[in-house]
Amino acid sequence: MAVFGKDVPLGVRVVYGTSQRVRELFRGEFAILKLNHPQAYALANLSYDTKFDFGKQVDLPYSTDWFSVPPHAPHGQVPKLGTLHASMVRAAIAAHQAAAD
């Protein structure tokens with residue numbers, strides 16, 4: 001996810017994620033699996049093993065229509081869901097580059 005916005009309203013680029021077929025990766029995808037990457041899984045605040053597909057991205061306005069603070073507010077009064085662990089950066093970059101090719 002990337003935040004953007006100088007001459008445009010503040011927005012966020014979101015990469016599609018799914019908990020389906022997480023061990024079957026295609027070009028442009030990477031996965032965070034609880035068993036293989038427990039620290040990354042915890043930091044991302046995931047509920048299930050998840051794969052992300054850089055081939056499917058969408059820009060969304062940063063508004064409460066798309067992003068709101070969860071009821072129990074585990075990260076304070078911001079709609080933060082999770083963070084990409086440093087150990088997953090190379091996999092994410094490789095997936096992003098593969099999707100761009």
Side-chain angles (χ1 to χ4, degrees):
M1 177 167 85
V3 178
F4 56 90
K6 278 191 175 188
D7 299 327
V8 295
L10 188 61
V12 179
R13 178 161 296 145
V14 179
V15 175
Y16 175 77
T18 182
S19 60
Q20 303 297 310
R21 298 182 180 157
V22 295
R23 298 188 187 285
E24 186 179 340
L25 297 179
F26 298 97
R27 181 179 201 85
E29 297 180 343
F30 81 102
I32 301 176
L33 308 176
K34 186 175 184 177
L35 184 62
N36 295 14
H37 312 103
Q39 292 174 327
Y41 182 87
L43 190 60
N45 200 28
L46 296 171
S47 298
Y48 303 99
D49 289 348
T50 304
K51 72 175 178 179
F52 299 90
D53 182 356
F54 277 94
K56 297 178 183 173
Q57 299 181 47
V58 64
D59 293 336
L60 299 173
Y62 190 72
S63 68
T64 55
D65 289 342
W66 296 99
F67 304 94
S68 60
V69 178
H72 60 288
H75 302 287
Q77 293 301 307
V78 294
K80 178 178 171 183
L81 300 177
T83 303
L84 184 65
H85 191 273
S87 66
M88 300 304 301
V89 170
R90 282 188 176 168
I93 289 171
H96 180 266
Q97 289 173 338
D101 290 344

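These numbers come from the heavy atoms of this one structure, side chains and all, not from hydrogens, waters or symmetry mates.
In terms of heavy atoms, Gly55 sits closest to Ala99 at N-CB, 3.8 Å.
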Please evaluate residues Ile32 and Leu46 with respect to the criterion side-chain contact (heavy atoms from CB on, under 4.5 Å), reporting the C-alpha separation (whole Å), side-chain torsions for both, the decisive distance (0.1 Å), and the verdict. CA-CA 9 Å; Ile32 301 176; Leu46 296 171; 3.9 Å; yes
Show, in sequence, the C-alpha distance, side-chain angles and deciding distance for Val14 and Asp59, and conclude whether the side-chain contact (heavy atoms from CB on, under 4.5 Å) test is met. CA-CA 6 Å; Val14 179; Asp59 293 336; over 6 Å; no
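Looking only at distances, a side-chain donor or acceptor of Arg27 sits under 3.5 Å from a matching main-chain atom of Ala98. A donor-acceptor pair is defined here as one N or O able to donate and one able to accept, closer than 3.5 Å; such a pair exists between the side chain of Glu29 and the backbone of Phe26. A donor-acceptor distance shorter than 3.5 angstrom exists from the side chain of Thr50 to the backbone of Tyr48, with no hydrogens or angles considered. The closest donor-acceptor contact from the side chain of Tyr41 to the backbone of Ser47 lies under 3.5 Å.
Between atom CG of residue Leu60 and atom CG of residue Leu10 there is a gap of 11.5 Å, rounded to the nearest 0.5 Å. One finds the CE atom of Met88 at 11.5 Å from the CG atom of Leu43 (value rounded to the nearest 0.5 Å). In this structure, the separation between NE2 on His85 and CD on Gln39 is 4.5 Å, given to the nearest 0.5 Å. The distance from atom CG of Leu25 to atom NZ of Lys51, rounded to the nearest 0.5 Å, is 6.0 Å.
With respect to Lys34 and Asp49, no salt bridge is recorded, no charged nitrogen being found less than 4.0 Å from a carboxylate O.
Leu35 and Val22 fall into different hydrophobic clusters, where Ile, Leu, Val, Met, Phe, Trp and Tyr are joined by side-chain heavy atoms under 4.5 Å apart, directly or via other members.
Between His96 and Phe54, the ring planes lie perpendicular to each other; the angle is over 60°, past the 30° to 60° tilted range.
More than 12 heavy atoms of other shown residues, nucleotides or ligands fall within 6.0 angstrom of atom CD in Glu24.
Checked against the 6.0 Å centroid criterion, the rings of Tyr16 and Phe52 do not qualify as a close aromatic pair.
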